[in-house]
Amino acid sequence: MKFVITFAFFALFSQTLAVQAPVEHHVEIVRQDADITPENYKYGFETSDGTQHDEEGQLKNVGTDDEAIVVKGSYKYVGDDGVTYEVSYTADENGFQPVGEHLPQA
């Protein structure tokens, strides 16, 4: 009897998961750029679902003990709620510093 109840529970549970499985959609890359050199880089891409990311980095204080990379960029995407979220950022010796209307302010 326990086997029948357990089997029925798993059958019902698996049907529930099958109904709630997300629908997958096909996304294509519509733009992709890259330019990389020893002291800097720049790249970006955009997909058919509205996602976009662009970034550039540059090595500063080359050849010194303070050598570091400074990165600036931005990305945007459409959330599950249909809203387009945009973030611009800088990453350097002060850490990652994102800015976006939807992000909390310090």
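With values rounded to the nearest 0.5 angstrom, Asn61 atom CG is found 12.5 Å from Ile69 atom CD1. Atom NZ of residue Lys76 and atom CD of residue Glu46 lie 6.5 Å apart, to the nearest 0.5 angstrom. Note that OG1 of Thr47 is 9.0 Å distant from CD of Gln52, once rounded to the nearest 0.5 Å. Between Thr37 atom OG1 and Gln58 atom CD the span is 8.5 Å, to the nearest 0.5 Å.
Ring planes of Tyr75 and Tyr89: tilted class, angle from 30 to 60°.
A pairwise comparison of heavy atoms in Val62 and Glu67 identifies CA-OE1, 3.4 Å as the closest pair. Residue His26 comes nearest to Ser48 through the heavy atom pair O-OG, 4.3 Å, listed as atom of the first residue, atom of the second, then distance. Heavy atoms only, all atoms of each residue included: Gly44 and Arg31 are closest at C-NH1, 3.8 Å.
Counting heavy atoms of neighbouring residues, nucleotides and ligands inside a 6.0 Å radius, atom CG of Asp81 exceeds 12 of them. For Glu101, the CD atom sits in a loose shell: 12 or fewer heavy atoms of surrounding residues, nucleotides or ligands are nearer than 6.0 Å.
Tracing side-chain contacts under 4.5 Å through hydrophobic residues (I, L, V, M, F, W, Y), one reaches Val87 starting from Phe45; they form part of the same cluster. Hydrophobic cluster membership is shared by Leu103 and Val83, with clusters built from Ile, Leu, Val, Met, Phe, Trp and Tyr side chains linked at under 4.5 angstrom. Residue Phe96 is grouped with residue Tyr85 when hydrophobic side chains (ILVMFWY) are merged at heavy-atom distances under 4.5 angstrom, including chains of intermediate members.
When the side-chain contact (heavy atoms from CB on, under 4.5 Å) test is applied to Asn94, the partners found at least two apart in sequence or on another chain are Asp92, Gln97.
Side-chain contact check for Asp66 and Thr64: no donor-acceptor pair (N or O, by modelled atom type) lies under 3.5 Å.
Aromatic pair His53/Tyr43: centroids less than 6.0 angstrom apart.
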